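Worksheet: one structure, shown below.
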Amino acid sequence: MTAGLKTIISLSFVLAIGFLLVILSCALFKQYLPLLVVATYVLAPLPNWVCGRCANPDDFVESSSNAVVDFGRFCTGFLVLMGVALPALLAHSELIRWAAALMSITGGALIYGTIIAFGMFFQEEEE
Amino acid sequence: MPEERLWKFRKPEWMNSATARSAGVYSAGALFSLAFFIMVDAAVWSHSAKNGSDPPIHINFVDWLPLIFSSLGMLIINSIEKTRLSADSFSYSGNGVAWKARVVLFLGFASLAGGMAGGVTVLVLKYIVPETVWPTLSMGVSNVAANGLVMLSSVVLWISQNMEDEYSYNLAL
């Protein structure tokens, strides 16, 4: 129980640091485009969950259900790389500064890592 | 099915695991995303203040056309049911299903290769022939890079979907 509590506390700390970095990267330069990274990383695990529900886990042989799962994974991979590519794109065109891009990428990675760690943690709890 | 094996080298063992399969699908998505955003980056850059080309060269619909064809080809290739391709020896998939699948697959590969060729065409005709210098030339190079990445992404997705078949075959036994 205490181990689970420690995990939750440390994860929330990491999440707060991630949000801090992203918001700082926006507010320091008065340019609020890097906030899109948060939206991307929050959306990223969503296709995986939705398609995991859609697929029927009972029939392994039928590959049509696996196709839905694969599509969800494809979308998740797309969105995860989008979180890195978007700030780099904005910085390359000088819409934001490189410092802001680096901070928002780091913050977004922390946020996404928290989401993934939370998912794995609860999956282990269920089993 | 060891007797029906065509190639000398056998597939490594780790390629049949479920982890490698899902990692392949994830990285295919990431590669496609990289291709798309390289192209978006070129478009955004061409309309930003950093594009100092004179006379001005911008990304317009012609530059997007090869990527559209590549993506269409990738969609077609990976929508085909793979088991129908090698099904000409089985009786249950008669009536030329394998032939239909091969024709559609050929259209997909033609679209993919046409996208790649279109990318090179845009690079040559729009950027190399008017002798543009580097920061402007990068828009054409990113076009070719985006199409190549779409190709690579569809290869990775194809391989990992074939892995899936092997995996489910092992499960079914």
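Letters A, B, ... mirror the listed sequences (proteins, then strands); counts begin at 1. Computed from a prediction, not measured in an experiment: that's the story for all the values here.
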Please check if [X] and [Y] belong to a single hydrophobic cluster, counting links between Ile, Leu, Val, Met, Phe, Trp and Tyr side chain heavy atoms closer than 4.5 Å.
X: B:Phe109; Y: B:Leu67; answer: yes
X: A:Leu110; Y: A:Leu102; answer: no
X: B:Trp64; Y: B:Ile38; answer: no
X: A:Ile17; Y: A:Ile9; answer: no
X: B:Ile76; Y: B:Met116; answer: yes

Heavy-atom proximity to chain A below 4.5 Å, by part of B:Leu157:
side chain
Under 4.5 Å to a heavy atom of chain A? For B:Ser27 that would be neither
Without hydrogens or angle criteria, can the side chains of B:Tyr26 and A:Asp70 be said to hold a donor-acceptor pair below 3.5 Å?
no
Spatial distance of atom CZ (A:Phe71) from atom CG (B:Asn78) [nearest 0.5 Å]
11.5 Å
Hits for ring-ring contact (aromatic ring centres under 6.0 Å, His included) against A:Tyr32, two or more places apart or cross-chain, chain-then-number order -> none
Give me the contact list for residues 77-92 of chain A versus chain B, heavy atoms only, anything under 4.5 Å, ordered by residue number.
A:Gly77, A:Phe78, A:Leu81, A:Met82, A:Ala85, A:Leu86, A:Leu89, A:His92
Among the listed options B:Gly29, B:Gly24, B:Ala30, B:Ser22, the residue most often paired with chain A at heavy-atom distances under 4.5 Å:
B:Gly29
Looking at B:Phe69, I want to see if its CZ is surrounded by more than 12 non-hydrogen atoms of other residues, nucleotides or ligands under 6.0 Å.
no
